[in-house]
Amino acid sequence: MGIKYYESERAFKLDTPQSTYMIGIVDEEDFIGHIYYGKRIEDYHLSYLLRTNEGPYVPSKNNRDRGSFLDCFPMEYSTHGIGDFRESCLSVKTSKGHSACSLAYVDHTIYKGKKTLEGLPATFGKDNECTTLELICRDKLLQLEVVLSYTVFENLDVITRSTKITNKHTENITLTKALSVCLDMDNKDFELLTLHGSWARERHMQRRRVGYGKQGTSSIRGESSHQDHPFMALLTADATEDRGEVYGFHFVYSGNFMAQVECNQFDTVRAVMGIEPTDFSWQLEEQASFTTPEVVMVYSAEGLGKMSRTLHDLYRNHLIRGIYKDKKRPILINNWEATYFDFDTDKLLAIAREASALGIEMLVMDDGWFGTRSSDNCALGDWQVNEEKIKGGLKYLVDEVNKLGMAFGIWFEPEMISPDSDLYRVHPDWAIAVPNREGTLCRNQYVLDLSRKEVRDYVYECLRKVLSSANITYVKWDMNRPLTNIGSYYLEANQQGELYHRYVLGVYELQQRLIDEFPELLLENCSGGGARFDPGMLYYSPQIWCSDDTDAIERLKIQEGTALIYPLSAIGAHVSDCPNHTVGRTTPFETRGYVALLGTFGYELDVTRIPEEDRAMIPQQVAMYHKYNDLVRQGDYYRIASYSQNHMYDCWSVVSKDKKEVLVTFVQVMARPNYRSRRIYLKGLDTKAFYRIEGSEEVYAGDALMYGGLNIQSIFGDFKGQLIHLIAE
Ligand code: GLA
């Protein structure tokens, strides 16, 4: 059991293989304090770390300075308005208009396994895989019950947290802030790592020193966003890829979020994460509950690399579901960059014929097959097949593709509505809008109000009809704009603050319905590229389109930042044509293949029109995918060199769990004149084993490859890549 309660100490000890987390109950009023989180400690006598034996002391000893106590005591879940001036997790509005609240420990339970979070995505584990602690706390005056849940995974250095707030009063209360996590620690000269970007530049890493005051990242776009990411890590300043302490926090949620670190007057840091409080409120009627989304906390004493591998294992085994969880995905070809809106049945079949002959396994028909949609100006919401383009109908097209031995997939953007659509003409009030205020168009579209059941039912029925009409085995679910002008024609005035969250719950409900009714479906989430690449979406779809930028060199940075926290099996990556449509760069076809191999692997080009020498390479790439995909999907990922840091070359590897097989990918971004071989240091090998480089007579000891290194002979030309496959003898 990873969780124990020590009565004498009034302390809870949560142990993972290499980390310990401790909570203590103190003083007569049962304050819940955070004792410790870090490297595993066997002893449990750690309450001295709470510093209750020094000034300002606890209120029973010194109530005169109660405010000072509240403002420095390390809190497990901070509340607003009573004297803790650091960022709080919980804030309310009572019927009298007051906002203060205060929590004290009441009781606890410890049990094997983990409960699901109703309506929310969350990690899962069997009874023999994890243990849960529920700390029950209460605000006596407000009659508000707060249950803090902690689940410890037995084989991973992971603790997940979420909070359930229940109104036990006879009066309604409004939550104005309900974060998921608070963690107070002494500042060990921490640095903060976050991920940022833009469309076509998602998840670039940023590392900065933690200074006094508040710093972090957040989104109020209604989605996790291109620009910011619901992740942060606190690292000791000496932390590298392989050394140093790392505390990772990842939010299992797909809407507005806040991830913040605050360094205070006593050089302690408070990390908080949860739903962004801007424009958030939630009405709690008598006995009603609100559950916050889950936060995954990871501890690594072996740098960032270990954090990544822990998250990869957690998500592969305890978050991703469905038949593709452990399965190879079909190699697809998507027509977006091949044709954009200019396609019909003949064109798609011509692509499919050529693609199937080359070994590609699925055709995906992207945007433009429905209503009057021949540009991105109209028809979202009108999900009827356009038979002028799809001549002979959808079933005919799918059957013809199937006859070629290929599967068929289709694009939807279910959450949207174009002002120029039949749907909008009939139901203008189905769009999210502030009445009488002109809506803010983005890509000429509005967002559907998914807080309304009738809207969700309409959307679902459209999807269901199309998917039932032919043998469609893949859906790309897109979402191409943020939420603005937040307002629902349906919700009462005092519930408008619930719309952002209700919207996300609506998306989750729809995706759950879809995978329940079509369990064989391969779902790939997407949002203008990677604006909703988050653990929440990963619970519904085993893969997510990583970025609209398919340039192999841009992808090095994007995929490095993505693989920092997501398994390679989840990263949607395709080989596209050159000059690249986003940056105009020309890279070798071979390199494009190596980079896409880091993810799901597929194509996004007109295979009937690319240069003959590129086309000729596709069967080899298909074989490469089949040869290495088990390893890529299931193995341990190591960053060896980072192009975003050295500006010259990139290198990563995947090592099988039994350490018998290693695949190293090296990309020389810029060639360097008059230079000798480049030495890279492999990681994660069996130091006692000997590895042969496949296709050569070269055999090296594992420890030699790790500590002495491997020489990569210089390559002539920019953007050149190579794969090195090592097998233990
Ligand atoms: C988004 C997606 C693209 C493509 C287009 C279609 O931008 O990220 O891959 O599907 O929409 O409009």
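Numbering of ligands and ligand atoms starts at 1, following listing order.
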Expected contact list for ligand 1 at under 4.0 angstrom, heavy-atom basis, is Trp336, Asp366, Asp367, Trp411, Arg443, Lys476, Asp478, Asn480, Cys526, Gly528, Gly529, Trp545, Asp548
Mark yes or no for whether Ser421, through its side chain, and Tyr424, through its backbone, hold a donor-acceptor pair below 3.5 Å. yes
Is a side-chain N or O of Ser418 found less than 3.5 angstrom from the main chain of Leu380, in a donor-acceptor match? yes
Applying salt bridge (charged side-chain N to carboxylate O under 4.0 Å, His left out), which residue pairs with at least one partner in residues 579-588 are found, sequence neighbours left out? Asp551-Arg585, Glu554-Arg585
Between Trp545 and Phe533, is the ring centroid distance below 6.0 Å? no
Residues in ring pair (Phe, Tyr, Trp, His ring centres under 6.0 Å) with His501, at least two apart? Tyr253, Trp282, Phe290
Tell me the salt bridge (charged side-chain N to carboxylate O under 4.0 Å, His left out) pairs involving residues 218-228, sequence neighbours left out? none
